[in-house]
Each structure stands twice: as structure tokens, then as C-alpha cells.
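What follows is a single structure, written as C-alpha cells, with notes after it.
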Amino acid sequence: MKFIAYINVMPLRALLDPQGKAVTARLHTMDLKAIVDARIGKHMELAVEAKDQKAAEAAVERACKEMLHNPIMESYEFTVVAADETSAKKTPASAKKTAAAKKAAPAKKTAVAKKTAVAKKAEPAKKATAAKKTAAKKTTKK
């Protein structure tokens, strides 16, 4: 049976979160003083094949403990749901927001792809210029 695990990894509350402090400070400069604290973490989604919910949760727990978080600096929490069609009702709100963000993402990817294509077109010209400079240096040395 297939399951989806939604994992959140956050810095421990006892530790300073420099990214969170920077975000909070920037929000205050944007006149969003109602936001008094921000903590920046990681969100992960894993597809898990297991015989049942308990086995899927055990696999995710092991992955979190052994690899996905640093116990000295971070804590984690996760939710495991069945990946069938009824799981849409069980999916956490954060996962629904993620799905909406994924729909909006292709526009961003297109812009990045265009920038990459332009950069790739410019590469041969840069290489040719560099080759000419190298050739000019060699001829001036003789």
C-alpha cells in the first residue's frame, strides 16, 4: 500500500534561528509589526510503500531519526496518510497549500528556463572572446 509522509523539521526553540530573526526583522521593515517571531525550517514529503499505516510510520520515524534531522539542533514531526483518492480529505492544510503552490510554480520554472537558455547562448561568445584574449597574449609574448 502506498502512503505519503508530510515531515516538518524545525530548529529547537532553545537555539537561535538566524534565518527566522532576519525574516522577522524584514517583515518589521515592511510595517508588518504584528508578526513578532518567525522560525525557518524544512518541509519534506516522502512516498512510502508499506503493508500498513504502522509500518509506514515506522519507516518514516527511522528516516527522520537517522538522516532527515540533526537531533542536536532540530526537532521533527510528521503525518502519514494513505495515498489513495480518499487521502485528499485527510491531507493536512499545509500539504493543500503546497499543492496550490506547485500549480503556480511552472511560471517561475519557465522564467528560470528562459534565463538559463539566454546564458547558454552567451557561453560560446564568452569562450570565443576568452580564446581570442589567450591567443593575443601568446602573440605578444613572442
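Along the sequence shown, the residues carry numbers beginning at 1.
Listed here is the closest heavy atom pair of M10 and G41: SD-CA, 3.6 Å. Taking both residues in full, the closest heavy atoms of M73 and L15 are given as CA-CD1, 3.5 Å, listed atom of the first, atom of the second, then distance. Between F3 and A56, the closest heavy-atom pair is CD1-CB, 3.6 Å. Of all the heavy atoms in H69 and C64, the pair that sits closest is ND1-O, 2.8 Å. Shortest non-hydrogen contact noted between P18 and L16 is CD-O, 3.3 Å. Closest approach of K51 and M1 over heavy atoms only: O-CB, 4.4 Å.
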Name the atoms and distances for all side-chain donor-acceptor pairs under 3.5 Å in residues 19-28, with sequence neighbours left out.
residue	atom	partner	partner atom	Å
T24	OG1	G20	O	2.9
T24	OG1	A38	N	3.0
R26	NH1	T29	OG1	2.8
H28	NE2	I35	O	2.6

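L68 and Y6 end up in different hydrophobic clusters when Ile, Leu, Val, Met, Phe, Trp and Tyr side chains are linked at under 4.5 Å. V81 and M44 end up in different hydrophobic clusters when Ile, Leu, Val, Met, Phe, Trp and Tyr side chains are linked at under 4.5 Å.
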For this session: Might you work through the side-chain contact (heavy atoms from CB on, under 4.5 Å) test for E61 and Y76, ending with a clear yes or no?
Result: CA-CA 10 Å; E61 179 76 29; Y76 66 90; 2.4 Å; yes

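A donor-acceptor pair under 3.5 Å is formed between the side chain of R39 and the backbone N or O of L12. Looking at E45, its side chain never comes within 3.5 Å of a backbone N or O of I4 through a donor-acceptor pair. In this structure, E74 contributes its side chain and N70 its backbone to a donor-acceptor pair below 3.5 Å.
Using a 4.5 Å cut-off on side-chain heavy atoms (C-beta onward), V48 and V60 make contact.
Within 6.0 Å of the NZ atom in K33, the count of heavy atoms belonging to other residues, nucleotides or ligands exceeds 12.
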